[in-house]
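Below is one structure, written out as structure tokens; the observations come after it.
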Amino acid sequence: MEDQTLFRTHGAGTLRPEHAEEKVILSGWVHRRRDLGGLIFIDVRDRSGIVQIVVHPEQADAFQVAETLRNEYVIRIEGKVVRRAEETVNPDLPTGEVEVIAWAIDILNTAQTPPFSPAEHKEIDEKMRLRYRYLDLRRSAMQNILILRHQVTQAIRRFLSEHDFVEVETPMLTKSTPEGARDFLVPSRLKPGSFYALPQSPQIYKQLLMVAGLERYFQVARCFRDEDLRADRQPEFTQIDIEMSFMPLHAFQDLIETMMQEVTAMVTGVHVPHPFPRISYTEAMDRYGSDKPDTRFGLEIVDVSETVKDSPFQVFRQAIATGGVVRLIRVPDGAGRISRKDVGALEETAKAHGAKGLAWLKIEGGTLSGPLAKFISEDELGRLREVAGVSDGDMLFFGADQKDVVRQALGAVRLALRDLLGLVFPGQFQFLWVTDFPLLEYDPTEKRYVAVHHPFTRPKEEDRHKLMTDPLSVRAEAYDLVLNGYEIGGGSLRIYRREEQDAMFRLLGLSEEEVAEKFGFFVEAFEYGAPPHGGIALGLDRIIAILAGRSNLRDVIAFPKTQSGTDLMMDAPGRVRPEQLAELGISVRTN
RNA sequence: GGUGCUGUGGUGUAGUGGUUAACACACCGGUCUGUCACACCGGAGAUCGCGGGUUCAAUUCCCGUCAGCACCGCCA
């Protein structure tokens, strides 16, 4: 008899013909049971995979146990690996050339019939999956993602360590600062009425580590933002946070590119060339209507304001007369591929993104159709051919409004066309740097400038002279890393001189007292010899999701939140006992 | 804060102003020695998310509400 305390000699999914005739002990879950009456097959599953167990009636003890097994029971099996007869090989199973003849089966634990089975093939409702997350995670597809995530994190840790970066942990209990997203707050018991904030990112800490002389820092950092959720946004998420001193920007970006190249190759087997393309913010907005363009397909936006400025179509004329623009997306061969119904949906998309409408034109067999047809002269069409390369069979979508509106609306229409026409495919990975973001934007509700990236971002040297005279035209030394139309990272070179940081805070409308209160320690640190530095934060969850071909972040997070920020398994957030609140000096309004 | 979609046995779906609310899987019992999403026979299992309204009658129509999802706003 084998050692009873030994649970396993092999992983179920690892058995191969070379193990034939070996005695093995397996432990795992009953994936499926096929009871033929005089012969019982059990598919046993562990993390490594599935193997078929055969129980013959001659092994009376084992057979008796096998008859009572149910799905998801946890069992231990002793038996012998044998090659399957030619005609019973299962080519769909990695272990399909062998099976295990069992002579002993122990039930380590029984199981209720689960609300859904890990062996099931159908789509399970998201609510169900989240409520019983531990069952959802039994499915190999989910386990594979978690394993993949582990491997990526390990690879990144190794890569950065080899490049002399030091992993440093920074506090989770920190302080709320103005600017940025809404904070998650944690009440202090020792100082009633005071609150910690969970970090939106370790930004200030990592800059202080640069002042401290660490020179190269990284962290797999959990970050928290109390804002509404999306498919690509969770309230807590993980950043690969990186900062370094004394490094030229191009060299830093090269390092990040090399790392992403390695990760992509590891996960997908796809080799992405680098350097990655770079595009300025302005160009991205003009050509793609997005600051995170999906460049896997064309359909670029073309400005035709000049061409149609005298158009009889009033919407065009008026847009231009009031300082706006007219731009179009040309869909090659779109005339035959896009139905009236599709057009209606595209129009809704444009409207949802601020446009008043979406004018369109089909060019088929030399004749024009669509609401614009009667307004476009032969002459204008000729010039459109020149400017936008329009040819027969094309379909054109026009946006006419103020520049920002047209950018956003046509950007959304472009993505809708991507999905409608199926223009992208699995296995395509287009990395892209978006650079030269504006440093500031004007917030009309707060009536002041706010930082586009964050208040620690350095203005571009050549724009610095415009800081006081024309702040909105100042570009930042900031860069986003974009993959397939998702922002997967963002960073900047930082301000590292006190006077400059002070000037930036003043520009953002913070009073001297506010600066002293909120950032006093920070600017003070700059007086003690802060090195030139910069960095980036990469969104690990998004990177994994994209590389693993998943369209929502929940699938790459072990225990994610719903769109309303709840955990359906734990039922968090939850109420707390009155004594807990009392200790914290908190009373809750109940209306 | 707003818009849209969804909510029917354990699960996935079908369906209807008056039905015995249908099907598949799962579940329970039985038969079966080469199955592998086993097969076959039989069985049990649903206050149709919740509340209100319209109606002789509501799972179905209307309003509200809750939950999940997608999106807009928001997310430096």
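Only this structure's heavy atoms are used, side chains among them; waters, hydrogens and symmetry mates stay out. Naming convention: chains lettered A, B, ... in sequence-line order (proteins, then strands); numbering from 1 in each chain. Since this is a predicted model, take the numbers as computed values, not measurements.
- For the pair A:Arg84 and B:C36, the criterion of a side-chain N or O lying under 4.0 Å from OP1 or OP2 is not met.
- Less than 6.0 angstrom separates the ring centroid of A:Phe456 from the ring centroid of A:Phe522.
- Here A:Pro455 lies in heavy-atom contact (under 4.0 Å) with a base.
- Remark: ring of A:Phe116 does not overlap the six-membered base ring of B:U11 in a stacked fashion, as centroids less than 5.5 Å apart with planes less than 30° apart are not both met.
- The ring of A:Phe505 has its center closer than 6.0 angstrom to the ring center of A:Phe519.
- When Watson-Crick and G-U wobble pairs are counted only if both distances are under 3.5 Å, B:G43 pairs with B:C27.
- Taking all atoms of both residues into account, the shortest heavy-atom contact from A:Asn90 to A:Asp92 is OD1-N, 2.9 Å.
- Nearest to the side-chain atoms of A:Lys122 among the listed nucleotides B:C27, B:U11, B:G34 stands B:U11.
- Computed from coordinates, the A:Ile42 CD1 to B:C36 C1' distance equals 13 Å when rounded to whole Å.
- For A:Ile50 and B:A37, the CD1 to P distance is 10 Å, given to the nearest whole Å.
- Remark: A:Ser564 is in phosphate contact with B:G68, judged by side-chain N or O atoms under 4.0 Å from OP1 or OP2.
- Among the nucleotides B:A70, B:A67, B:G1, the one closest to any side-chain atom of A:Lys127 is B:A67.
- The CG atom of A:Asp43 sits 7 Å away from the P atom of B:C38 (whole-angstrom rounding).
- Taking 4.0 angstrom as the limit, A:Thr566 places a side-chain polar atom (N or O) nearer than this to OP1 or OP2 of B:G68.
- Here the P atom of nucleotide B:C27 and the CD atom of A:Gln112 are 13 Å apart, to the nearest Å.
- Here the side chain of A:Arg225 is nearest to one of B:U35, B:U11, B:C75, namely B:C75.
- Rounded to whole angstrom, the span from the CZ atom of A:Arg32 across to the P atom of B:A39 amounts to 10 Å.
- When the side-chain nitrogen and oxygen atoms of A:Arg34 are compared with OP1 and OP2 of B:C32, none of them lie within a distance under 4.0 Å.
- The side chain of A:Pro57 approaches B:U33 more closely than any other nucleotide in the set B:U33, B:A70, B:C74.
- Nucleotide B:A22 forms a Watson-Crick or G-U wobble pair with B:U13, both donor-acceptor distances falling under 3.5 Å.
- The distance from atom NE2 of A:His31 to atom P of B:A26 is 12 Å, rounded to the nearest whole Å.
- With a cut-off of 3.5 Å on both pairing distances, the Watson-Crick or G-U wobble partner of B:C5 is B:G68.
- To the nearest angstrom, P of B:G34 lies 13 Å from CG of A:Asp35.
- Cation-pi geometry between A:Arg414 and A:Phe297 is met: the NZ or CZ atom falls under 6.0 Å from the ring centre, inside 45° of the normal.
- As judged by a 4.0 angstrom heavy-atom cut-off over every strand, A:Arg70 is placed among residues touching the sugar-phosphate backbone only.
- Between A:Val51 and A:His10 there is no side-chain heavy-atom pair separated by less than 4.5 Å.
- The aromatic rings of A:Tyr479 and A:Phe252 lie tilted to each other, with the angle between the two planes from 30° to 60°.
- For A:Arg230 and B:G73, a side-chain-to-base donor-acceptor distance below 3.5 Å is present, hydrogens and geometry of angles not being considered.
- Closest approach to the A:Gln563 side chain among B:U11, B:C69, B:G73 is made by B:C69 (side chain taken as heavy atoms from C-beta onward).
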